[in-house]
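Keep in mind that the numbers below use all heavy atoms, side chains included, and drop hydrogens, waters and symmetry copies. Below, chains carry the letters A, B, ... as their sequence lines are ordered, and counting in each starts from 1.
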There are 2 protein chains.
Amino acid sequence: MIKKNIQRIIQYRMCLLKFQNLGFEKIFSYTLAQEIGVSPEQVRKDFSQFHLRGNKKAGYLIQDILDQINDLLHKEDIHKIIMVGLGNIGQALIKYKGFANRNMQLVAGFDIDPAKLKKTCRIPTFHSKEIPAVVKKENVRLGIIAVPEAAAQEACNTLIEAGIKGILNFAPVMLKTPPDVVVQNISVCGELEALVYVTEKDKQK
Amino acid sequence: MIKKNIQRIIQYRMCLLKFQNLGFEKIFSYTLAQEIGVSPEQVRKDFSQFHLRGNKKAGYLIQDILDQINDLLHKEDIHKIIMVGLGNIGQALIKYKGFANRNMQLVAGFDIDPAKLKKTCRIPTFHSKEIPAVVKKENVRLGIIAVPEAAAQEACNTLIEAGIKGILNFAPVMLKTPPDVVVQNISVCGELEALVYVTEKDKQK
DNA sequence: ATTAAATTGTTAATTTATAAACAAAAAGAT
DNA sequence: ATCTTTTTGTTTATAAATTAACAATTTAAT
Ligand SMILES: NC(=O)c1ccc[n+]([C@@H]2O[C@H](COP(=O)([O-])OP(=O)(O)OC[C@H]3O[C@@H](n4cnc5c(N)ncnc54)[C@H](O)[C@@H]3O)[C@@H](O)[C@H]2O)c1
Ligand SMILES: NC(=O)c1ccc[n+]([C@@H]2O[C@H](COP(=O)([O-])OP(=O)(O)OC[C@H]3O[C@@H](n4cnc5c(N)ncnc54)[C@H](O)[C@@H]3O)[C@@H](O)[C@H]2O)c1
């Protein structure tokens, strides 16, 4: 549902950061293309569509492109996220150190199981009934659903009701949402099934 | 890289199982379409491409279509998976109960940190140097990478060398692989960044 | 028995995405 | 100063994916 070109822009950004950390100031479409596994034409087309300009014969100025991509992706802000479900996946995400340097911040976790709320934790945790209050107080727009399949739609409804506009869903169900609420699904088993399909097909050749 | 139609077939399967558990024997393209958020024409087109036939005016026989999709997805076999990296994500996956009923089985976990290998665990764990031996002995074709970014390509190379053909990668890097080894990336931050982009764009309207 | 309604499955049209082609500009070489 | 090479950026072409159209068939209704 989300356009492919913006997804690649997100990848280019990571790649540009990598090369910048390696000490480079400029980069060619060819290099970026190789890194993320597309054609150089694709890179130039994507850049063109987002008005990211380089220099003939001299490639792209990494800092310049990064500044503009950061603008596009609203990297001037820190994006607050709440998480519903503090089980296996929930705990793993809470412990994850990688959010900060992508300007993401898990501001609170929620569960209905009092045992899960007792654990000391890097972020404040509350009973799910507190979701509307916290979302309003912290002005949060993004939520992660990490509850069992059976509870996912209900959790989703609560998030929508509270004013969340983007949901990352780990539960293996398609959530029903109004048009102004966007869902991205992460399906570990689904991806593995797709891998089985393609690798078994390759085998036959 | 993996075709969209097969990814939807995987979704249809989950949906068919759901309706079967609800007691239904037949289903219409319209219902499936609504459930996974596509048009009925898309469902019929996908089914047509995989030779999944229904009955005019009577829809699709759930059991029949399931049997055929199960064939397509090689659901007659249990697919063995190994995992490299037993940190936050690795532990969450090991504890995950949902693999079994999708015919997936985590058969071993690997790490280089002896502390991680000491923990008692639902599956056997080994030092990473044992990867080739285990892959060969168990005849594993799928691997999950859940190591830090800096170690991901090395882990990937080890898996490839050992004979793994499909890799699910949680590290935020694009892995370099030969053409016969397929990678699926799971990028939590990337998905969140995409959500920020679309939800902020919606806001402007 | 005929007609109407519903639903599939295929074909055609449209849209979107990717790839190819190439002109324009810049840098460097002769 | 002129020519060659490199690389961008746009335009054109091709391919892939989605949507629309509609004939064919089945069921049910009159
Ligand atoms: N763990 C994994 O590796 C993994 C992999 C793929 C998919 N998933 C999916 O992610 C989701 C979470 O998986 P998990 O392994 O962390 O499960 P889990 O059972 O460990 O955790 C689920 C948590 O949600 C809480 N919960 C239940 N109902 C709730 C509600 N209505 N409101 C708030 N909290 C509620 C439970 O108390 C529990 O703490 C599941 O849908 C699962 O299918 C998990
Ligand atoms: N935890 C999350 O929620 C989360 C979210 C998004 C992405 N990721 C990505 O997933 C990966 C794992 O994240 P994590 O939070 O589980 O990290 P972690 O640090 O908790 O775990 C990484 C594990 O890998 C092991 N390891 C390091 N080098 C290794 C090697 N060469 N061979 C085998 N094992 C090795 C470490 O000993 C450690 O146990 C990272 O790349 C991270 O960026 C994690």
Checklist entry - When A/K26 is tested against each of A/L61, A/T31, A/I65, A/D64 for side-chain contact (heavy atoms from CB on, under 4.5 Å), which residue passes? => result A/L61

Next on the checklist: Under 4.0 Å, heavy atoms only, any strand: does A/Y60 hit a base, just the sugar-phosphate, or nothing?
Outcome noted: sugar-phosphate

Checklist entry - Touch check for B/K3, heavy atoms < 4.0 angstrom, all strands: base, sugar-phosphate only, or nothing? => result sugar-phosphate

Atom [atom1] of [X] and atom [atom2] of [N]: how far apart are they, to the nearest Å?
X     : N      : atom1 : atom2 : result
A/Q7  : C/dA17 : CD    : P     : 11 Å
A/N5  : C/dT15 : CG    : P     : 18 Å
A/Q49 : D/dT8  : CD    : C1'   : 15 Å
B/R53 : D/dT25 : CZ    : C1'   : 14 Å
B/L32 : C/dT7  : CG    : P     : 13 Å
B/F47 : C/dT7  : CZ    : P     : 15 Å
B/Q42 : C/dG9  : CD    : C1'   : 14 Å
B/M1  : C/dA19 : CE    : P     : 12 Å

Next on the checklist: For A/Y197 and B/F50, take the angle between the two ring planes, folded into 0 to 90°, and tell me which bin it lands in: parallel under 30, tilted 30 to 60, perpendicular over 60.
Outcome noted: perpendicular

Checklist entry - Between A/F24 and A/F19, what is the ring plane arrangement, given parallel below 30°, perpendicular above 60°, and tilted in between? => result tilted

Next on the checklist: Could you tell me if the side chain of A/N70 sits less than 4.5 Å from the side chain of A/N103, heavy atoms only?
Outcome noted: no

Item to check | Per A/K56 side chain, nearest of listed nucleotides C/dT18, C/dT8, D/dT7 | outcome: D/dT7

Next on the checklist: Nearest to the B/R44 side chain among C/dA5, C/dA20, C/dT8, which nucleotide is it?
Outcome noted: C/dT8

Under 4.0 Å from OP1 or OP2 of [N]: is there any side-chain N or O of [X] that close?
X     : N      : answer
B/K4  : D/dA16 : no
A/S48 : D/dG9  : no
A/K45 : C/dT18 : no
B/R8  : D/dT18 : yes

Item to check | 5' priority, DNA chain C, between A/E41 and A/K57 [closest heavy atom] | outcome: A/E41

Next on the checklist: Judged by each residue's nearest nucleotide on DNA chain C, which is more toward the 5′ side, A/N55 or B/I27?
Outcome noted: B/I27

Item to check | SB check A/E193 B/K75 (cutoff 4.0 Å) | outcome: yes

